[in-house]
Number of protein chains: 2
Amino acid sequence: MDLSRHPTSFTTRYQQIAAQLEHELRNNYRCGDYLPPENQLAERFAVNRHTLRRAVDELVDRGWLQRRQGVGTLVLMRPYDYPLHSQARFSQNLLDQGSHPTSERLLSVLRPCTEHVATAIGKQEGDTVIHLRTLRRVNNVPVCVIDHYLPDLRWWAALQHFRSGSLHDFINSQLKEPLNRHSTRISARRALAKESQLLEIVPQAPLLCVRTLNTCDSSGSVAEYSVSLTRADMIELTMEH
Amino acid sequence: MDLSRHPTSFTTRYQQIAAQLEHELRNNYRCGDYLPPENQLAERFAVNRHTLRRAVDELVDRGWLQRRQGVGTLVLMRPYDYPLHSQARFSQNLLDQGSHPTSERLLSVLRPCTEHVATAIGKQEGDTVIHLRTLRRVNNVPVCVIDHYLPDLRWWAALQHFRSGSLHDFINSQLKEPLNRHSTRISARRALAKESQLLEIVPQAPLLCVRTLNTCDSSGSVAEYSVSLTRADMIELTMEH
DNA sequence: TCCCATTTGTACGTATGTATG
DNA sequence: CCATACATACGTACAAATGGG
């Protein structure tokens with residue numbers, strides 16, 4: 001595949017090489033393999049090592065390669081395994097956060113909160129919070145991972161019995177605390193390595209990120225701050241006004 | 001602030017410079033400003049231009065700077081805002097769609113609607129609709145492009161006088177038709193080539209996509225269907241409940 | 001329209017540092 | 001301690017894009 005003579009669109013040398021490497025990664029490499037050393041590749045493509053590195057940079061940025069100083073360049077890319085749901089897009093109500101009847105608990109710990117969480121829930125960095133992580137599947141396909149942060153440590157004992165289902169229902173029925181949605185922030189970004197693994201998507205795939213602050217119905221104090229990451233290729237959020 | 005003698009952690013020269021630049025961005029620059037030319041900065045830091053570029057690369061990757069070939073390096077970061085989140089982001093109310101006072105008209109045509117638009121507004125594929133495209137900038141940085149589809153062709157004459165400002169305000173004042181938000185769908189995907197060009201982002205960068213259906217206050221019929229594409233690195237949507 | 005200065009983008013060359021096994 | 005391979009840095013040159021004269 002000669003990409004050097006591409007009539008329609010101008011590409012730089014390093015972009016050509018990146019495209020060529022990407023093609024070879026898909027066909028000739030498997031996850032866990034190492035690329036040939038930069039010197040060899042540079043020689044093969046007849047470019048300076050810097051130019052070759054610039055091409056590899058692109059693929060590292062896309063999450064398909066990982067550099068290991070003194071060792072080599074590791075191949076992370078998997079062959080595409082989900083050709084199916086390019087079309088299928090589920091809808092999900094914007095208010096569904098934390099109330100998925102199908103979600104499953106992945107994590108349940110007490111931990112000092114980060115600055116980000118502290119700011120959101122109005123506590124100090126390092127204050128202990130309950131941290132739950134749940135994963136929602138649709139048709140057994142993971143679509144959404146949610147981190148829940150709860151500042152009221154008195155809930156800890158009860159929450160340890162939460163295994164699956166709707167967290168908000170659980171809190172409502174077990175702790176008699178109906179939660180009120182206070183504010184929501186919606187953003188999008190690329191998936192990080194661990195996230196793409198968890199959600200079984202290619203690295204760098206776009207994610208919808210919904211951050212929700214829930215307050216206690218009774219006292220009005222912050223009860224839960226949740227951050228959900230949703231596969232943007234499968235889910236869209238809907239809202240009726 | 002001398003970062004060159006940092007006892008605890010080893011930092012490379014370009015990392016020191018990136019940290020220094022980040023510090024200066026916060027204190028001495030505002031969104032929309034331009035950095036001094038790379039040559040000047042390189043001279044100031046007494047490094048090669050490549051080294052300086054490597055430092056700037058870091059801040060570009062973090063979304064705080066944006067390069068414009070032939071022009072300069074644009075500052076995106078808002079002062080006083082950063083320490084809270086890992087990513088400095090503007091916020092935009094979820095209800096802002098079509099009502100940006102700063103938006104500018106890019107396109108204004110009559111055209112047969114696609115199946116997608118036809119489905120949304122409840123007409124037949126091929127039926128003529130008014131199609132407007134507007135671009136919103138913040139501090140002269142493009143952040144959001146919106147396609148508006150309006151089925152009522154009687155508005156065409158009046159709408160041709162719309163140049164900039166808030167489209168919804170224009171419709172309200174010129175056509176005496178207050179619009180009502182009916183439903184909203186939010187998704188995310190990677191930018192296509194043309195979109196990334198228009199929004200001045202790298203290809204494949206994640207976009208927030210908000211599709212809104214607005215109805216006439218009076219008749220309740222569909223008045224406008226809009227599709228907005230927003231740079232996810234700069235804008236997040238907020239909602240108070 | 002064309003040219004020109006400015007600024008970023010790409011590419012080559014070279015040298016040395018750092019990490020790994 | 002050494003060979004290998006990636007990381008950083010300096011130097012140089014030219015290309016491409018932009019904006020102004």
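No hydrogens, no waters, no symmetry mates; every other heavy atom, side chains included, goes into these values. In what follows, every chain begins at residue 1, and chains take the letters A, B, ... in the order their sequences are listed. Here the structure is a predicted model, which is why all the values come from computation and not from measurement.
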Spacing of [X] atom [atom1] relative to [N] atom [atom2], expressed in whole Å:
X       : N      : atom1 : atom2 : result
A:Asp57 : C:dA11 : CG    : P     : 12 Å
B:Tyr14 : D:dA7  : OH    : P     : 9 Å
B:Asn39 : C:dA5  : CG    : P     : 16 Å
A:Gln40 : D:dA5  : CD    : C1'   : 11 Å
B:Arg67 : D:dT18 : CZ    : P     : 16 Å
A:His50 : D:dA9  : NE2   : P     : 12 Å
A:Gln66 : C:dT20 : CD    : P     : 13 Å
B:Glu43 : D:dC10 : CD    : P     : 14 Å

**Q.** Option from B:Arg105, B:His131, B:Glu224 for which side chain to side chain donor-acceptor pair (under 3.5 Å) with B:His148 holds
**A.**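 Going through the options one by one, the only one that passes is B:Glu224.
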
Q: Quick one: sort the B:Phe170 and B:Phe162 rings into parallel, tilted or perpendicular, breaks at 30° and 60°.
A: perpendicular

Q) So does A:Asn48 get a side-chain nitrogen or oxygen closer than 4.0 Å to the phosphate oxygens (OP1/OP2) of C:dG13? A) yes

Q: Report yes if at least one side-chain N or O of B:Thr73 is closer than 4.0 Å to OP1 or OP2 of C:dT7; otherwise report no.
A: no

**Q.** Donor-acceptor pair present, A:Gln69 side chain and C:dT18 base, under 3.5 Å
**A.**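 It does, because a donor-acceptor pair links the side chain of A:Gln69 to the base of C:dT18 below 3.5 Å.
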
Q) Want to settle it: does A:Ala46 or A:Arg49 sit nearer the 5' end of DNA chain C, counting the closest nucleotide to each? A) A:Ala46

Q. On DNA chain C, nearest-nucleotide positions of A:Arg54 versus A:Arg68: which is more 5'?
A.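 Taking each residue's closest nucleotide, the earlier one in sequence belongs to A:Arg54.
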
Q.
Checking B:Gln20 against B:Gln16: is there a side-chain donor and acceptor pair closer than 3.5 Å?
A. no

Q. Are A:Tyr34 and A:Arg68 close enough that a side-chain donor and a side-chain acceptor fall under 3.5 Å?
A. yes

Q) Checking all strands, does B:Arg53 fall into the base, sugar-phosphate, or nothing category for heavy-atom contacts under 4.0 angstrom? A)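 The answer is base, as B:Arg53 lies within the cut-off (heavy atoms under 4.0 Å) of a base atom.
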
(Q) Would you say the rings of B:Tyr149 and B:His116 are close, in the sense that their centroids are separated by under 6.0 Å? (A)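 Between B:Tyr149 and B:His116, which both carry aromatic rings, the centre distance is not below 6.0 Å.
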
Q) Which nucleotide, in any strand shown, forms a Watson-Crick or G-U wobble pair with C:dT10, with both distances under 3.5 Å? A)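 Its partner is D:dA13.
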
